[in-house]
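Proteins come first, then strands; the chains are lettered A, B, ... in the order of their sequence lines, and each starts at number 1. Bear in mind that the values here come from a model prediction, so they are computed numbers and not experimental data. Values below: every heavy atom of this structure, side chains too, minus hydrogens, waters and symmetry copies.
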2 protein chains.
Amino acid sequence: MTLSEEDYIKAIYHIGKGENTTVSTNSVAEEMDTKPSSVTDMVKKLSEKGLVNYKPYKGVSLTEHGQKTALTLVRKHRLWEVFLVEKLDFSWDEVHEVAEQLEHIKSEKLTDSLDKLLGYPEVDPHGDPIPSKKGEFKKAIKKLLSEVPIGKSGVCVGVKDSSAPFLKFLDKNNIALGDAVLVMDKEEFDGSLHIRIGDRDIHISQQIASNLYLKITE
Amino acid sequence: MTLSEEDYIKAIYHIGKGENTTVSTNSVAEEMDTKPSSVTDMVKKLSEKGLVNYKPYKGVSLTEHGQKTALTLVRKHRLWEVFLVEKLDFSWDEVHEVAEQLEHIKSEKLTDSLDKLLGYPEVDPHGDPIPSKKGEFKKAIKKLLSEVPIGKSGVCVGVKDSSAPFLKFLDKNNIALGDAVLVMDKEEFDGSLHIRIGDRDIHISQQIASNLYLKITE
DNA sequence: ACAAATTTTTAGTTTTGTCTAAATTTAATT
DNA sequence: AATTAAATTTAGACAAAACTAAAAATTTGT
Ligand SMILES: [Mn+2]
Ligand SMILES: [Mn+2]
Ligand SMILES: [Mn+2]
Ligand SMILES: [Mn+2]
């Protein structure tokens, strides 16, 4: 498997949100930042290799084999992200780019030893679940903060928008993964929220709330 | 810098044994397991990029810039080797292949954090010195065991032949990096040695002795 | 149902890195 | 010094992965 092939497999997996749906040529092109014609070419090749199902004009989906490949890549990507944060003191917004390279290193022993070193983590620094060696993982039970009802509380486990600017905003406002959050009140007018985070009461906009994931605790 | 370009730079560096000598097209081809014509093409490109000095029919050498690039690659390669052995329990003979991939990961922060995590090691698992961030390193003061005079002792710091079969032989015979070795006697007839390693007295052939490096201690 | 808009594919190029076969230069021998 | 051998480069071809422009299929709107 070449690096490029792997990135395509991963893109198809991600667009389908983990469930094995059929995705369009254009959506893959957009995700990968390439042209649709390039996608067509690659998808034909992947089809011949038995990694995807492809019918011209009808979209692509992963085969059993492709699915397994995607899970391995996601596993590697997220394990490396944990490594970078836990062992090398990287911050949220720095890990993705490097993990994008590290996920392509070919060594099953490396992946599994890393998993062990990190204590078999179940989620990555963005709150996304890490597939086990067998490809199993708990479907994330995370909810957007904007959809959490008043009175409920949870733990901050991830972001929807993982762009550097947003992550930097969170850093600046002292909102971090693992923080306990209680939804105290919601403004009907603009959807902004009053929340208690740690021991601080703060007020955040709807836009922020709809990009932060909580794992509901009660 | 592409992965392939980096591997060429490294090959030129290694053939020149770290000193900046001019090396032949053929030697690069052999080291890289490619054809001489491919080397010519690549060397032209590297020359245009200012990484090597190249005169047709006269061989290649690294420029200042190329030298620096080579040192960075060697640094990354060897740091990853230490990481694999120290943190992930890889053995001598397993690290090279994986490090060959990891050395190409682009992130200065990653390299330097790794260096810190490992406690700024000075040698890799094969006894080869690791360049510092600034590109400085102590020239190895290692000597082939076969050339150590009778009565002298040292610490096993590396191998000349780093092929898997040889490394496996050492494992099997309980000879490891860091072991203290005393040369007790030498057979004139076949050059074989009687050595004390740890608390064991053993007899090794000239062939083995000429592939093991010691750092002389007294 | 038909025309217009959109999506997707095909055809033809480009760049990178490799190869083979042939030509050229340099080195070694007589 | 001439010939032979070895090393190196050139020329031409190919596979991978991308692109642009044009053609074909599908979807949408009326
Ligand atoms: Mn990637
Ligand atoms: Mn992530
Ligand atoms: Mn390499
Ligand atoms: Mn090494």
For [X] and [N], give me the distance from atom [atom1] to atom [atom2], rounded to whole Å.
X	N	atom1	atom2	value
B:Met42	D:dT8	CE	P	18 Å
B:Leu3	C:dT18	CG	P	10 Å
B:Lys55	C:dT26	NZ	P	13 Å
A:Glu30	C:dT7	CD	C1'	13 Å
B:Asp41	D:dT10	CG	C1'	9 Å
B:Asp33	C:dC19	CG	C1'	13 Å
B:Met32	C:dC19	CE	P	10 Å

Can you find a side chain N or O atom of [X] that sits less than 4.0 Å from OP1 or OP2 on [N]?
X	N	result
A:Ser4	D:dA18	yes
B:Lys35	D:dT9	no
A:Asn26	C:dT6	no
A:Tyr54	C:dT8	no
A:Thr25	C:dT9	yes
A:Ser38	D:dA18	no

Which pairs, protein N/O on one side and nucleotides 21-28 of chain D N/O on the other, fall under 3.5 Å?
from	atom 1	to	atom 2	distance (Å)
D:dA25	O4'	A:Tyr57	OH	3.3

Within 45° of the ring axis of A:Tyr54 and under 6.0 Å from its six-membered ring centre, is that where the NZ or CZ of A:Lys44 lies?
no
Among C:dT18, D:dA18, C:dT8, which is the nearest nucleotide to the side chain of A:Ser24?
C:dT8
Out of D:dC19, D:dT10, D:dT8, which nucleotide sits closest to the side chain of B:Lys44?
D:dT10
Counting C-beta onward and ignoring hydrogens, is there a side-chain heavy-atom pair between [X] and [Y] closer than 4.5 Å?
X	Y	answer
A:Thr111	A:Leu79	yes
B:Glu5	B:Lys49	yes
A:Leu144	A:Lys160	yes
A:Lys172	A:Lys168	no

Both B:Val39 and A:Tyr8 contact DNA chain D. Taking the nearest nucleotide for each, which residue is further toward the 5' end?
B:Val39
Give a yes or no on whether a salt bridge exists between B:Asp112 and B:Arg75, defined as a side-chain N under 4.0 angstrom from a carboxylate O.
yes
Give the ring-plane orientation class for A:Trp80 versus A:Phe83, where under 30° counts as parallel, over 60° as perpendicular and anything between as tilted.
perpendicular
